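What follows is one structure encoded as structure tokens, with my remarks underneath.
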Amino acid sequence: MDDIDGGDAVSEAGRGGPVVSDASTARRIRSVLAIRPFRRLWGVTYLCSIGDWLSLLALTGLASKLLASSYQWQSFSFALVVLTQLLPGILFAPIGGVLADRFDRRKVMVVCDLLRCTLFLSIAIVGTAWWLFIANFLVGSCALLWIPAKDSSVPNLLRRPDQVETANQLGLVMTYGISVVSGAGLFSVISAVGPALHVSTNSALGIANVIVVVNGLLYLSSAILIATRIPELSGRPSSGHTNKPDEDRPGFFAMFRDGLRFASVTPLVRGLMIGMIGAFAAAGAVVGTAKLYANSLLGGDAAFGMLFVAVFVGLATGMATAPKLARRLTHSRLFGVSIVVAGLSLVLVALAPHLGVALVAVAMVGGCAGVAFLTGMTIIGSQVEDAVRGRVLALQQSLMKIILFGATTAAPLLVGVVDIRTVTVFGRHLMIDGTRPVLLGAGILAAIVGVVAYRQMGDRSTAPILSGLVAAIRGTSTRISGLLITVEGDTQADTSAQAGRLVDALRAGGRDVLLASDPALDERRLRVLLDGADVAGARARALVAAAVRADLVERVVRPALDAGTLVVMERYVDSPLAHYSATGSVAASELEGLVDWATGRLRPDLTVLLDRAPDAALAPPTGPCAEDLPPGGPGINSVEHHWRVQRLLTEMAAADPDRYLVVDADGSEDDVADRVSAAVLPVLATRNVDLRLAGGGRATVEAS
């Protein structure tokens, strides 16, 4: 509880007032940064990202000085520095994934940072061009070993999978925003201060070498912080081969093969990789033709600069809006949709008759790319198990660099095949060169690959992909008018009473309301299934309970929502998760994956959390229902267990304040019912929920 900064979010949600999206975003960021290990890792990311950008500037300047004797070689200094940093990604990224999954990730990161520090210091000491490029290649290799270890550790530091998206946002902002400005500023400061301190640029320790030394010290600081301040990086979930003794673990090459096999046979990961191949191929085509395309618009360098800015503005906008879109579309659906739209936008770029249209289309391409990239990272972080997450991340890094390198190289060659022609469209001259068909082909390829990726990833939603996209852009749900409200709490007696009272209050307003579950009936069905199957293990019981929940969702809840009904359901997901997690019988990550599968990732639109202090007198008669816990488990009716459950539920609410209304459940049943109604009804009014039956009648049907 010390690391949860959700008090304000909970109290405001509990008052039932409308939630402002900007404030909610700020609360989500605060709740993630309140987690001490992640906050420290975020600071380490800042140091290393500054080092990465500073090294690009410093090594380019140093290479230019060391190659100053030859103008031709000097002109290639920047390209050579970039190439020696990218080449390791093609060769060594898979190795980094295996290391991240096999060994202690904290130790891998510390060793890599110490090696980077040593290599940068050696560049200043040796002072030759050949060693600069060799050392830069080795630095890039260390980075490709460091990145999978860091990225695959992030989800383990968070409270809930819901926070992975926000954590990825913060990481991208740090890597491509704050650290870029900081690195460039530090480079400028050192370059300006050097002459004032009479540091000769021609000496063995000139300005460029001073920057290189500073860069090495940044990585040294990172290694010290990781080794001494973030021991949580060594932690792993309770399941997976990573917790086996060394002699029982598969070998290095076996793990590498297992990672490739996992990516090829798992529909979610396979679709993700296919989509990224199409996206990176399109991005490479854009990079390879950007300069010539600007010339075809008759805009020259000015047009090139504007297009460059438009791409990055779109990229930042896409990353910022991805979480809001993800509330209306599943991540797998959003990933495929964003790649399809990026491809169609690229087609528009190829057909753009003038710069204005091109700028809008290029910004759309960048925005969709930002959504796809953040969504892909979120899928890997939240839906890929820890045991193979490092290898999946490494495979993504390898594909990104290989496809970008190949597409960027091939695009100019394809452009040269087409002769340049000038046509007149609406009185405006338009230059048609090879960039147009190349961009057109890349856009069509990306759109097709996006559809294939979407089909591969196994999204269970039956709504058409186009309607989902339109709904997400308009800010509405893909369901026309249905709404799912869940009532969660520590005890079944509380949730059952308040769910029924809430349904009565909503029906009093003339709404079509369905009470979608009868816990006593569910418990009887579960008991029959458990007795018939004769299972006693916690995992087996969890599977049977998930089957009961899956049947209810598919048979009752989804059809009602599709018909536009307001559905109220008690103890939907959160309460069973909290009870099982409190017993420690099954890992939380396994439970969340099971729940996602059973419900088809159907998320409530609104969750009412009944917040009350557990009492010893309540434990025996109102313990958790059978579908929440394995009957007879040790201590499940103890007050301590109920305190743990209530704390977990409160943490869930703090992690997702937009969805939760926390209501004080102390007092009489009537008092609590009044508080629930006072919290829910204004929110429904704010969201313009009008689910009245035709003719003003009321629904009386309940699930049976």
Side-chain angles (χ1 to χ4, degrees), residues 21-22 25 28-29 32 45 49 147 151 154 163-181 271-273 275-287 290 306-349 358-382 393 396-397 399-401 403-404 407 439 442-443 446-447 449-450 453-454 457 468-469 472-473 475:
S21 59
D22 291 341
T25 299
R28 284 195 298 273
I29 291 174
V32 172
T45 303
S49 297
I147 291 173
D151 288 344
V154 169
Q163 298 176 314
V164 171
E165 195 163 41
T166 302
N168 286 334
Q169 274 187 305
L170 289 170
L172 292 172
V173 167
M174 180 62 77
T175 302
Y176 299 104
I178 299 173
S179 61
V180 176
V181 176
L272 187 67
M273 296 305 165
M276 287 185 172
I277 288 174
F280 293 142
V286 172
V287 173
M306 295 173 69
L307 291 169
F308 184 83
V309 171
V311 168
F312 279 90
V313 169
L315 192 69
T317 303
M319 291 180 180
T321 57
K324 295 181 179 179
L325 295 175
R327 298 176 197 168
R328 306 176 185 106
L329 294 173
T330 63
H331 282 111
S332 57
R333 196 172 178 85
L334 180 59
F335 179 77
V337 167
S338 60
I339 293 179
V340 171
V341 177
L344 297 178
S345 301
L346 193 55
V347 170
L348 182 59
V349 171
L359 288 173
V360 174
V362 165
M364 290 175 59
V365 172
C368 292
V371 172
F373 186 76
L374 181 60
T375 303
M377 293 294 293
T378 301
I379 290 173
I380 294 174
S382 61
L393 285 166
Q396 179 221 11
Q397 292 286 326
L399 285 176
M400 180 178 69
K401 291 177 170 59
I403 301 301
L404 277 176
L439 292 175
V449 169
Y454 167 73
M457 295 173 79
L469 172 62
I473 294 174

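What you see is a predicted model, and the numbers here were worked out from it, not measured in a lab.
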Ignoring hydrogens and angles, tell me if any N or O in the side chain of Ser345 forms a donor-acceptor pair with the backbone of Ala361 under 3.5 Å.
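No, because the side chain of Ser345 does not come within donor-acceptor range (under 3.5 Å) of the backbone of Ala361.
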
Determine whether a donor-acceptor pair (N or O, by modelled atom type, separation under 3.5 Å) exists between the side chain of Glu165 and the backbone of Leu374.
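The answer is no, because no donor-acceptor pair under 3.5 Å joins these two groups.
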
Just how far is it from atom [atom1] of [X] to atom [atom2] of [Y], taken to the nearest 0.5 Å?
X      : Y      : atom1 : atom2 : answer
Leu272 : Ile277 : CG    : CD1   : 10.5 Å
Leu325 : Leu334 : CG    : CG    : 5.5 Å
Leu170 : Ile29  : CG    : CD1   : 5.5 Å
Gln163 : Arg28  : CD    : CZ    : 10.5 Å
His331 : Thr378 : NE2   : OG1   : 5.0 Å

Heavy-atom check, side chain of [X] versus side chain of [Y], under 4.5 Å:
X      : Y      : value
Leu344 : Met364 : no
Val154 : Val164 : no
Phe335 : Ile379 : yes

Take Thr317 and Val313, measure what side-chain contact (heavy atoms from CB on, under 4.5 Å) needs, and give me the verdict at the end.
CA-CA 6 Å; Thr317 303; Val313 169; 4.2 Å; yes

Nearest heavy-atom pair of [X] and [Y]: which atoms, and what distance?
X      : Y      : result
Ala285 : Leu439 : O-CD2, 4.1 Å
Gly275 : Val449 : CA-CG1, 3.9 Å
Ala407 : Phe280 : CB-O, 4.5 Å
Phe373 : Met319 : CD2-CE, 4.1 Å
Val180 : Thr175 : CG2-O, 3.7 Å
Ala446 : Ile339 : O-CG2, 3.4 Å

Check the pair Leu393, Ile147 against side-chain contact (heavy atoms from CB on, under 4.5 Å), reporting the backbone distance first and the verdict last.
CA-CA 9 Å; Leu393 285 166; Ile147 291 173; over 6 Å; no

CA sep, side-chain torsions, deciding dist, call: Val340, Val337, side-chain contact (heavy atoms from CB on, under 4.5 Å):
CA-CA 5 Å; Val340 171; Val337 167; 5.7 Å; no

Before you tell me yes or no, could you show the steps for Val173 and Ile178 under side-chain contact (heavy atoms from CB on, under 4.5 Å), namely the whole-Å CA-CA distance, both residues' side-chain angles and the distance that decides it to 0.1 Å?
CA-CA 6 Å; Val173 167; Ile178 299 173; 4.2 Å; yes

